[in-house]
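Right, one structure below, let's go through it.
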Amino acid sequence: PPPPPATSPSPSPSLSNEGDQSIALDVFQKMDKNGDGKLSPEELKQGLAVLHLPNNDQVVAKLLEVLDTDKNGEVSLDEFKQFAERRRQILKNVFEILDEDKDNSIELIEIEHALHRLNLHVDEHKLHKLWKRVGVRPDGKMSFADWQRLMLFSPSDQLADLFQYWNDAQALDTG
């Protein structure tokens, strides 16, 4: 059989409009180290670390509150898929707010405008460093899939909290 088509590597799994369920399954399976079909708090914590996301006990506890809908202390695949779909919708709404010129991408200037509107002060050098770190496209723009990959596990729906989470997540790699 012919070899699979070449694809560019991605820094971590992401969800997108196409194939949300299979990508959610892929992310879940990568986090489910023992293969039992459930994510324990420790697997969630380790999975977040692999994704270079905040994984302290407070973040894990907040995520479990949201993910573990049956409150059994673990996250099933169905719970994970439901969370991923809800989060995708929220992040899409935020993305559309940020995308001032409606070109289906976010540019650094749009992030700066949003931070200003929220009266959030971020050091310009730090913001530029964060922007470069997230792996924006060569044209300097961030797609929705990139945004979603970065923000999927944020425990809050509030725009200001999403920016703080983004900052905290990037501090793990730049800090």
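Keep in mind that this is a model prediction, so the values were computed, not measured. Hydrogens, waters and symmetry mates are skipped; everything else that's a heavy atom, side chains included, is used.
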Next item on the list: Taking side chain to side chain contact (heavy atoms under 4.5 Å, CB included) as the test, write out the residues that go with Gln89, two or more places apart.
Entry: Glu85
Check: Hey, is the main chain of Asp101 close enough, under 3.5 Å, to the side chain of Glu107 for a donor-acceptor pair?
Finding: no
Check: Would you call Glu79 and Leu67 a side-chain contact if the rule is heavy atoms closer than 4.5 Å?
Finding: no
Margin query: Run the side-chain contact (heavy atoms from CB on, under 4.5 Å) test on His113 and Leu98 for me, step by step, so that the C-alpha distance in whole Å, both residues' side-chain angles and the decisive distance to 0.1 Å come before the verdict.
Written below: CA-CA 8 Å; His113 289 167; Leu98 293 172; over 6 Å; no
Note to self: With no hydrogens and no angle check, just 3.5 Å: does a side-chain donor-acceptor pair link Ser40 and Glu74?
What the structure shows: no
Notebook entry, point to check: Would Arg137 and Asp146 pass as an ion pair if we require N to O under 4.0 Å?
Noted result: no
Next item on the list: Considering only NZ, NE, NH1 and NH2 on the basic side and carboxylate oxygens on the acidic side, decide whether Glu100 and Arg117 come within less than 4.0 Å.
Entry: yes
Notebook entry, point to check: Any side-chain heavy atom of Leu91 sitting closer than 4.5 Å to one from Phe144?
Noted result: yes
Check: If you measure only the distance, is there a donor-acceptor pair under 3.5 Å linking the side chains of Ser76 and Asp78?
Finding: no
Next item on the list: Taking the side chain as every heavy atom from C-beta outward, state whether Phe83 and Asp68 have any atom pair closer than 4.5 Å.
Entry: no
Next item on the list: Could you grab the distance from atom CG of Leu127 to atom CD of Glu112, nearest 0.5 Å is fine?
Entry: 5.5 Å
Check: Picking from Asn104, Asp99, Asp103, what satisfies side-chain hydrogen bond (donor to acceptor under 3.5 Å, both in side chains) with Lys141?
Finding: Asp103
Margin query: Could you check whether any side-chain heavy atom of Lys45 comes within less than 4.5 Å of a side-chain heavy atom of Asp57, counting everything from C-beta outward?
Written below: yes
Check: So do the side chains of Pro41 and Leu64 get within less than 4.5 Å of each other, counting heavy atoms only?
Finding: yes
Checklist line | Aromatic Phe28 / basic Lys81 pairing, under 6.0 angstrom, 45° off normal | finding: no
Check: When rounded to the nearest 0.5 angstrom, what distance separates CD in Gln82 from CG in Leu77?
Finding: 10.0 Å
Note to self: Taking the side chain as everything from C-beta on, heavy atoms only, tell me whether Arg88 gets closer than 4.5 Å to Leu152.
What the structure shows: no
Check: At their closest point, which heavy atom of Trp131 faces which heavy atom of Ile111, and how far apart are they?
Finding: CZ3-CG1, 3.7 Å
Item checked: Minimum-distance pair of heavy atoms, taken over all atoms of Val27 and Phe80 -> CG1-CZ, 3.6 Å
Next item on the list: Determine, stepwise, if the pair Val50 / Lys30 fulfils side-chain contact (heavy atoms from CB on, under 4.5 Å).
Entry: CA-CA 9 Å; Val50 168; Lys30 285 181 169 121; over 6 Å; no
Margin query: So, taking the atom named CD1 in Ile97 and the one named CD in Glu110, what distance separates them when rounded to the nearest 0.5 Å?
Written below: 12.5 Å
Notebook entry, point to check: Where do Asp32 and Lys38 come nearest, in terms of heavy atoms and distance?
Noted result: OD1-O, 3.0 Å
Next item on the list: Kindly work out whether a path of hydrophobic side-chain contacts (I/L/V/M/F/W/Y, heavy atoms less than 4.5 Å apart) joins Ile109 to Met142.
Entry: no
Notebook entry, point to check: Relative to the ring of Phe95, is the ring of Trp147 parallel (under 30°), tilted (30 to 60°) or perpendicular (over 60°)?
Noted result: tilted
Next item on the list: Determine whether Asn56 and Val60 make a side-chain contact, defined as any pair of heavy atoms from C-beta on separated by less than 4.5 Å.
Entry: no
Check: Between Lys102 and Glu96, is there a donor-acceptor pair closer than 3.5 Å when you use the side chain of the first and the backbone of the second?
Finding: yes
Notebook entry, point to check: Heavy atoms, side chains only, cut-off 4.5 Å: are Leu48 and Leu63 in contact?
Noted result: yes
Check: Just how far is it from atom CD of Glu42 to atom NZ of Lys33, taken to the nearest 0.5 Å?
Finding: 12.0 Å
Next item on the list: Verify the neighbour count for atom NE2 of His116: are there more than 12 heavy atoms of other residues, nucleotides or ligands below 6.0 Å?
Entry: no
